[in-house]
Colleague: 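First, the structure itself, so that you have it in front of you.
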Amino acid sequence: MTSLKPVRGTRDIMNEECRGHRHVASVGRDIARRYGFTEIATPIFEFSEVFKRTLGEASDIVTKEMYAFEDRGGSEITLRPEGTAGIARAFISNGLTQNLPCKFFYEGPMFRYERPQKGRLRQFHQVGVEILGVPTPQADIEVIALGAQMLGELGVGDKTVLEINSLGDRESRAAYRDVLVAYFTGHRDALSEDSRARLERNPLRILDSKDKGDRELIAEAPDMSDYLNEGSRAFFDTVLDGLESLGVEMSVNPRLVRGLDYYCHTAFEFTTEVLGAQGAVIAGGRYDGLIEQMGGPSTPGVGWAAGIERLSMLLSEPPALPRPIAVIPVGEGAQGPAMGIAHTLRENGYVVDMGYSGNLAKRMKRADRMNACAAVILGDDELERNSATLRDLDSGEQSEIPLDDLTDRLSAFR
RNA sequence: GUGGCUGUAGCUCAGUUGGUUAGAGCGCCGGCUUGUGGAGCCGGAUGUCGUGGGUUCAAAUCCCAUCAGCCACCCCA
């Protein structure tokens with residue numbers, strides 16, 4: 001009995017919801033194509049090592065959120081929790097290191113073993129983009145502009161804001177980390193329990209703690225921007241200037257950090273207020289160390305991932321379905337010819353519905369429920385005259401027309 | 001992993017201090033209408049009351065456990 005329910009944190013996506021998801025993915029795909037990205041579909045599972053190496057052994061995703069199992073051959077396998085690691089692996093596996101830059105778009109399901117809540121599922125879907133091999137800020141500007149454009153074309157631009165920060169290069173980040181640890185260690189007793197743990201593990205994360213006491217300390221904490229070295233500062237300024245010149249609105253948030261180890265320089269999120277606690281709809285940044293960390297040649301990268309479920313929750317209306325034309329046979333003798341007409345219309349690109357049973361009244365009712373725009377009624381009378389009755393279901397007007405003219409006459413309803 | 005709230009028809013929900021055959025609206029099916037939909041009228045079907053246990057003469061109702069959903073923490077898309 002319980003096995004007839006979907007597994008916790010998974011769901012069946014259908015009808016309007018499915019159309020919403022498709023819409024988000026196809027808008028993303030289309031815009032990415034306009035920016036010169038090509039699509040890549042990597043496997044939805046990889047050797048566990050791929051994620052452990054890239055995400056950082058201590059990250060939450062690796063320590064408690066991976067869907068990991070041993071397969072029949074004894075390999076340690078993990079359902080991908082995010083897209084970048086698999087793409088980095090594919091980039092190395094396929095020898096693309098000789099073919100830079102690479103610009104990838106991807107779309108598909110991701111898996112994390114988490115407690116479900118609003119905007120958070122165990123199987124969820126992302127679209128994402130990655131640029132590999134471009135060390136300069138132009139790539140950061142391009143991917144962020146792409147994200148902003150996608151939100152705009154989805155009609156949710158006014159519900160989201162872009163927050164951006166720089167984590168600096170390795171040197172800057174290490175320097176900042178040291179002063180931050182020193183600062184928070186000085187206030188250790190005032191920190192929340194969670195943040196005391198973060199102090200050991202990932203001190204930058206204290207900066208986005210929601211704890212009230214922590215927030216007071218954070219307000220007084222040293223700013224990342226004061227610890228960026230010259231190169232990192234210039235890099236960040238170029239990104240900000242570039243976005244501004246493209247008209248991308250943003251707000252610099254010095255407390256914005258990243259959970260995953262491989263980020264450096266630019267970190268950004270497009271967030272919304274209307275989704276509850278899970279406000280990030282697009283998140284990403286630069287990850288210059290990732291490919292090397294995986295065992296490939298040192299290759300810079302920058303990209304983002306967007307949550308399809310979260311974005312489609314922001315959509316006001318998924319795009320409408322095309323209205324079908326109902327083909328309605330009356331009487332046994334009309335079945336075959338009606339099937340033929342439906343077939344011809346479908347070959348000509350029309351959306352055609354033909355029910356499987358019922359008299360004329362029932363089929364008309366069904367056509368109405370399906371929001372059909374027209375009905376093609378075919379009975380013995382019409383058959384004798386080699387014609388059909390065409391009824392406009394909005395106006396109620398109908399007329400008999402020769403079968404040979406049907407395809408053309410229906411163009412008014414396309 | 002932690003905490004709070006909630007599980008009754010396909011959907012939204014009602015169900016009194018435990019008491020007989022568990023209800024409504026919407027939807028669905030059928031009829032009024034055997035060649036005409038949307039409106040109307042008439043009729044109909046549908047529930048392991050999330051699951052398992054317990055208390056009781058009697059449980060949708062009380063108790064325990066469990067599962068799931070929602071919301072928040074954590075973390076993140």
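Reminder, nothing fancy here: chain letters follow the sequence lines and each chain counts from 1.
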Colleague: Can you tell me how far P in B:A45 sits from the matching atom in B:C63, rounded to whole Å?
Modeller: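 Result for the P pair: 35 Å, nearest Å.
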Colleague: Base, sugar-phosphate alone, or nothing: which one does A:Arg366 contact when heavy atoms must sit under 4.0 Å apart?
Modeller: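 Answer is nothing: A:Arg366 stays at 4.0 Å or more from every strand.
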Colleague: Tell which nucleotide pairs with B:G25, taking only Watson-Crick or G-U wobble pairs whose two distances are both under 3.5 angstrom.
Modeller: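 Across all strands, the one nucleotide that pairs with B:G25 is B:C11.
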Colleague: Starting at the 5' end of RNA chain B and moving along, which residue's nearest nucleotide shows up first, A:Gly396 or A:Lys118?
Modeller: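 The residue mapped nearer the 5' terminus is A:Gly396.
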Colleague: Establish, with yes or no, whether the OP1 or OP2 oxygen of B:G1 is under 4.0 angstrom from a side-chain nitrogen or oxygen of A:Arg115.
Modeller: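 Negative; the distance criterion is not met.
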Colleague: For B:G40, give its Watson-Crick or G-U wobble partner with both distances under 3.5 Å, or none.
Modeller: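 Paired with B:C32.
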Colleague: Looking only at atom C1', what distance separates B:G30 and B:U46, rounded to whole Å?
Modeller: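 Straight-line distance between the two C1' atoms is 15 Å.
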Colleague: Could you check how far CD of A:Glu114 sits from P of B:C71, rounded to whole Å?
Modeller: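 Taking atom P of B:C71 as the reference, CD of A:Glu114 is at 14 Å.
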Colleague: Taking any heavy-atom pair under 4.0 Å as a contact, classify A:Gly279: base, sugar-phosphate, or nothing.
Modeller: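 Nothing: the residue A:Gly279, judged by heavy atoms under 4.0 Å, touches no strand.
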Colleague: Would you state whether a donor and an acceptor, one from the side chain of A:Arg120 and one from the base of B:C71, lie under 3.5 Å apart?
Modeller: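 Result: no qualifying N/O pair found.
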Colleague: With both distances under 3.5 Å as the test, what is the Watson-Crick or G-U wobble partner of B:U20?
Modeller: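 Pair assignment: B:U20 / none.
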Colleague: Quick one: on RNA chain B, does A:Gln126 or A:Ala372 contact a more 5' nucleotide (nearest heavy atom)?
Modeller: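 Nearer the 5' end of the strand: A:Ala372.
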Colleague: Can you tell me if A:Arg363 touches the phosphate of B:G37, counting only side-chain N or O atoms and a distance under 4.0 Å to OP1 or OP2?
Modeller: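 Negative; the distance criterion is not met.
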Colleague: Remember a base hit wins even if backbone is also touched, and classify A:Ile308 as base, sugar-phosphate or nothing at under 4.0 Å, heavy atoms.
Modeller: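 Result for A:Ile308 = nothing.
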Colleague: Kindly give the atom pairs (protein nitrogen or oxygen, nucleotide nitrogen or oxygen) under 3.5 Å for nucleotides 45-47 of chain B.
Modeller:
none

Colleague: Which value, in whole Å, describes the distance between the P atoms of nucleotides B:A72 and B:U51?
Modeller: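 Each nucleotide's P atom is 28 Å from the other's.
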Colleague: Hey, does the Lys NZ or Arg CZ of A:Arg122 hover above the aromatic six-ring of A:Tyr113, less than 6.0 Å from the centre and inside 45° of the axis?
Modeller: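 Flagged: A:Arg122 positioned over aromatic ring of A:Tyr113.
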Colleague: Classify A:Ala280 by what it touches in the nucleic acid, base, sugar-phosphate, or nothing, heavy-atom distance under 4.0 Å.
Modeller: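 Sugar-phosphate: the residue A:Ala280, judged by heavy atoms under 4.0 Å, touches backbone atoms but no base.
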Colleague: With 3.5 Å as the limit, what N/O pairs link the protein to nucleotides 28-34 of chain B?
Modeller:
| from | atom 1 | to | atom 2 | distance (Å) |
| --- | --- | --- | --- | --- |
| B:G31 | OP2 | A:Lys362 | NZ | 2.9 |

Colleague: Work out how far the P atom of B:C49 is from that of B:A59, and round it to whole angstrom.
Modeller: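 About 13 Å, rounded to a whole number of Å.
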Colleague: For atom C1', what is the distance between B:U8 and B:U61, given to the nearest Å?
Modeller: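 After rounding to an integer number of Å, I get 11 Å for this pair.
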Colleague: Once you round to the nearest 0.5 Å, how far does CD1 of A:Ile377 lie from CD of A:Glu382?
Modeller: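 Between A:Ile377 CD1 and A:Glu382 CD, I get 7.5 Å after rounding to 0.5 Å.
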Colleague: Suppose you measure atom C1' in B:A14 against the same atom in B:C75; what distance do you get, rounded to whole Å?
Modeller: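 Here B:A14 and B:C75 have their C1' atoms 40 Å from each other.
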Colleague: Expressed as a whole number of Å, how far does the P atom of B:C73 sit from that of B:G15?
Modeller: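 After rounding to an integer number of Å, I get 32 Å for this pair.
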Colleague: What's A:Arg8 touching, base or sugar-phosphate or nothing? Going by heavy atoms closer than 4.0 Å.
Modeller: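 Sugar-phosphate only.
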Colleague: Rounding to an integer number of Å, can you tell me how far A:Leu315 CG sits from B:A77 P?
Modeller: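 The answer, rounded to whole Å, is 20 Å.
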Colleague: Can you pull out the residues from residues 271-278 of chain A that lie within a 4.0 Å heavy-atom distance of RNA chain B?
Modeller: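 Residues of residues 271-278 of chain A under 4.0 Å from RNA chain B: A:Gly276, A:Ala277, A:Gln278.
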Colleague: What is the separation between atom CD on A:Gln398 and atom P on B:U36, rounded to the nearest whole Å?
Modeller: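 The answer, rounded to whole Å, is 10 Å.
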Colleague: So what's B:G3 paired with, Watson-Crick or G-U wobble, going by both distances under 3.5 Å?
Modeller: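 In the structure as shown, B:G3 has B:C71 as its Watson-Crick or wobble partner.
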Colleague: So which nucleotide does B:A58 pair with, by the Watson-Crick or G-U wobble rule with both distances under 3.5 Å?
Modeller: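 The base-pairing partner of B:A58, which may sit in any strand shown, does not exist here.
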Colleague: Only one of A:Asp208, A:Asp223, A:Asp214 clears salt bridge (Lys or Arg N to Asp or Glu O under 4.0 Å) with A:Arg255; which?
Modeller: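 Looking at A:Asp208, A:Asp223, A:Asp214, the match for A:Arg255 under the salt bridge (Lys or Arg N to Asp or Glu O under 4.0 Å) is A:Asp223.
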Colleague: Does A:Arg205 have a side-chain nitrogen or oxygen under 4.0 Å from the phosphate oxygens OP1 or OP2 of B:C76?
Modeller: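 Answer yes for this pair, as a side-chain N or O of A:Arg205 is under 4.0 Å from OP1 or OP2.
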Colleague: Would you indicate which nucleotide in B:G3, B:C74, B:A77 comes nearest to any side-chain atom of A:Ala283?
Modeller: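 From the listed options, B:A77 comes nearest.
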Colleague: So, are A:Asp368 and A:Lys365 salt-bridged, with charged N and O less than 4.0 Å apart?
Modeller: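 Result for this pair is no, no salt bridge flagged.
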Colleague: Mind checking the CZ-CD spacing from A:Arg34 to A:Glu153? Nearest 0.5 Å is all I need.
Modeller: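 Those atoms lie 4.5 Å apart.
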Colleague: Looking at B:G69, B:C75, B:G37, which one has an atom nearest to any side-chain atom of A:Arg198?
Modeller: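 Closest nucleotide among those given: B:C75.
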Colleague: Go ahead and name the base partner of B:U66; Watson-Crick or wobble counts if both distances stay under 3.5 Å, otherwise write none.
Modeller: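 Pairing partner: B:G50.
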Colleague: Distance between the P atoms of B:U56 and B:A68, in whole angstroms?
Modeller: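 Result for the P pair: 31 Å, nearest Å.
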Colleague: Over all strands shown, is A:Glu382 touching base, sugar-phosphate only, or nothing at heavy-atom distances under 4.0 angstrom?
Modeller: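 Since a base atom lies under 4.0 Å of A:Glu382, the category is base.
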Colleague: NE2 of A:His187 to CD1 of A:Ile218: how many Å apart, nearest 0.5 Å?
Modeller: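 Result: 12.0 Å between the selected atoms.
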Colleague: Quick check for you: to the nearest 0.5 Å, what is the distance between A:Arg323 atom CZ and A:Phe413 atom CZ?
Modeller: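 So the CZ of A:Arg323 and the CZ of A:Phe413 are separated by 9.0 Å.
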Colleague: Across the strands shown, which category fits A:Gly331 at heavy-atom distances under 4.0 angstrom: base, sugar-phosphate, nothing?
Modeller: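 Contact class for A:Gly331: none.
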